[in-house]
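To keep things clear, I will list the structure first and then write my remarks on it.
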Amino acid sequence: MADKHLFRIHKELRDIQRNPDPFFHLHYDEEDVRSLKALIVGSPETPYAYGLFTFDFKFPESYPNESPKVVITTTNNQKTRFNPNLYATGKVCLSLLGTWRGTAVENWNSAHGISSVLVSIQSLMSANPYENEPGFEEQKPEEKDNVEAYKRKITHETIRISALDRIDAYFNNRNRSDLPFEDVSKYLFMCYYRQYLATIEREQKLVKDGDKFVEMPFEGHGNTMMGTFQYSALTDRLHAAFKRLVDETQEWIEASQSPAWSEMESLSYSKMMAEYKQLVESKEFDGLLDLSLAFDKNPFVWNVSLVGPTGTNYEGGVFAVRVVFHKDFPTIRPRVTFTTPFHHPCVSEDGIPYYQPERMDDISSHLSALLKLMTDLPKPDPITHTNPKAAHHALETRKPSASMDKP
């Protein structure tokens, strides 16, 4: 069948959608899934921590018998090599993709798929990327300094290029190729803002502003990562970018009160008002939360009061949450902020919650996901933890005590 590869791709995408992974975000056109974009979030406790890296996939008609073609597009305009296997030219050097020699087990076969490629790429962005270079798998004692120097510069450029340059480019209308990830990138940046700052605070104890990056023995010929450490400037940029996102949310609020958004005959106005009334009248969340509009007859800004459930750490508490919708919801996700301090692993010090609704286009799913923050045990996966102190406390209290291990 000529379209066999399309059926396979659609099936894989449905499977991924049913079981979303917080590390991977995909964008594709339902009319032509042969081209796909992926955003991979760097794993915590690696030099790539909380970085936002994008990749382009192209599927041949022979897929899945033949692997997709994959390139990395987070390259600083092809000037930065983020890994021995992620070239400045965009090449992804991976045996699974046929771009590097590997054993029969490592090479592509039809049992592999999109998820296999995503996980394999993520595994390259490891805690010690220096060892990815052939011949450098086991470091000699004299290479110890290079190993650490490589981590240091990747950490710096992850924040500078993959996070800050990305957000700045969106605001300056310069990131057209990665436009599909603008909304999720802004959301993740707000979630991880404090993590970036914590990383800088740690790294400033190891390097000084103005220190040059060390060139690695396997770098050169335009396929390198050169530059200087400028953490003071990155700190200023982080603060400015976060403020710009907060200001943008305020701009939504102001726009929601303008005729462009609030005209009674506006489709988005009518839809949002209808959803609000339906939720209030359905009593779906009675006893769990209260809803009200922040402004009379304005369905784009909601006040939500979450009631701490009985038997939880939040019992007896009432937590105020502001939900700001864009007129293009659900294409653009709502901006959600806890305005009451909420000590939780997945809620940042700025009140930004990390949550995943079952359906992005369903407001009820968003509210249910917020309620689950109070009832479900936090996941141990640190990529969802935007408040490390709260996460440490929560996970420590879940550990069995020493006395419980005794017979």
Side-chain angles (χ1 to χ4, degrees), residues 1-43 48 51-126 129 132-134 162 166 175-185 221-223:
M1 185 182 295
D3 293 335
K4 181 179 178 181
H5 68 299
L6 297 180
F7 285 105
R8 168 64 179 260
I9 297 168
H10 275 292
K11 180 182 182 304
E12 289 186 43
L13 292 174
R14 286 195 298 271
D15 290 343
I16 292 172
Q17 193 172 34
R18 279 194 289 266
N19 300 284
D21 188 308
F23 286 98
F24 308 131
H25 301 267
L26 305 182
H27 176 82
Y28 51 91
D29 183 346
E30 288 282 359
E31 300 300 318
D32 184 8
V33 294
R34 291 172 297 181
S35 295
L36 177 150
K37 289 181 178 291
L39 184 146
I40 298 180
V41 183
S43 298
Y48 305 93
L52 308 175
F53 299 89
T54 48
F55 298 80
D56 283 349
F57 285 57
K58 300 287 185 183
F59 296 90
E61 290 188 3
S62 54
Y63 182 83
N65 295 320
E66 184 182 348
S67 69
K69 309 300 180 187
V70 182
V71 297
I72 179 172
T73 57
T74 305
T75 61
N76 191 26
N77 295 318
Q78 298 195 335
K79 295 194 289 288
T80 300
R81 180 186 186 182
F82 266 102
N83 186 286
N85 299 70
L86 303 174
Y87 288 13
T89 59
K91 180 179 179 180
V92 177
C93 204
L94 194 62
S95 55
L96 188 66
L97 299 176
T99 50
W100 182 253
R101 60 183 180 276
T103 64
V105 176
E106 296 170 328
N107 291 335
W108 181 268
N109 63 60
S110 60
H112 290 300
I114 298 169
S115 292
S116 305
V117 177
L118 293 171
V119 171
S120 295
I121 292 173
Q122 186 192 40
S123 70
L124 295 176
M125 297 189 289
S126 63
N132 289 356
E133 179 67 18
S162 81
R166 173 181 297 277
N175 205 355
R176 308 316 299 168
S177 63
D178 281 346
L179 194 60
F181 293 119
E182 177 175 2
D183 185 52
V184 69
S185 294
H221 305 292
N223 197 22

Item to check | Evaluation steps, side chain to side chain contact (heavy atoms under 4.5 Å, CB included), between R18 and D15 | outcome: CA-CA 5 Å; R18 279 194 289 266; D15 290 343; 2.5 Å; yes
Checklist entry - Are there more than 12 heavy atoms of other residues, nucleotides or ligands under 6.0 Å from atom CZ of R8? => result yes
Item to check | Any side-chain heavy-atom pair of V70 and D56 under 4.5 Å | outcome: no
Next on the checklist: One pair to check against side chain to side chain contact (heavy atoms under 4.5 Å, CB included): Y48 and N83. What are the steps and the verdict?
Outcome noted: CA-CA 10 Å; Y48 305 93; N83 186 286; 2.9 Å; yes
Item to check | Closest non-hydrogen atom pair between E12 and S115, with its separation | outcome: OE1-N, 4.4 Å
Next on the checklist: List the residues meeting salt bridge (charged side-chain N to carboxylate O under 4.0 Å, His left out) with E106, not counting sequence neighbours, and say none if there are none.
Outcome noted: none
Checklist entry - Does atom NZ of K11 have more than 12 heavy-atom neighbours from other groups under 6.0 Å away? => result no
Item to check | For the student: nearest non-hydrogen atoms of N107 and S95, plus distance | outcome: OD1-O, 3.6 Å
Item to check | Closest approach of A88 to G222 (non-hydrogen atoms, all atoms of both residues) | outcome: CB-O, 3.8 Å
Item to check | Full working for side chain to side chain contact (heavy atoms under 4.5 Å, CB included) between L39 and H27 | outcome: CA-CA 8 Å; L39 184 146; H27 176 82; over 6 Å; no
Checklist entry - Pick from S62, S67, P64: which one makes a side chain to side chain contact (heavy atoms under 4.5 Å, CB included) with S110? => result P64
Item to check | All side chain to side chain contact (heavy atoms under 4.5 Å, CB included) counterparts of D21, not counting sequence neighbours | outcome: F23, F24
Item to check | Contact list for residues 72-103, test ring pair (Phe, Tyr, Trp, His ring centres under 6.0 Å), sequence neighbours left out | outcome: F53-F82
Checklist entry - In this structure, which one of I40, T73, V71 forms a side chain to side chain contact (heavy atoms under 4.5 Å, CB included) with F55? => result I40
Next on the checklist: Using 30° and 60° as the class boundaries, would you call the ring planes of H112 and W108 parallel, tilted or perpendicular?
Outcome noted: tilted
Item to check | Minimum-distance pair of heavy atoms, taken over all atoms of S162 and G51 | outcome: OG-CA, 3.3 Å
Checklist entry - Between K91 and I72, what is the shortest heavy-atom contact and its length? => result O-CG2, 4.4 Å
Item to check | Considering all heavy atoms, the nearest H10-V33 contact | outcome: CE1-CG1, 3.6 Å
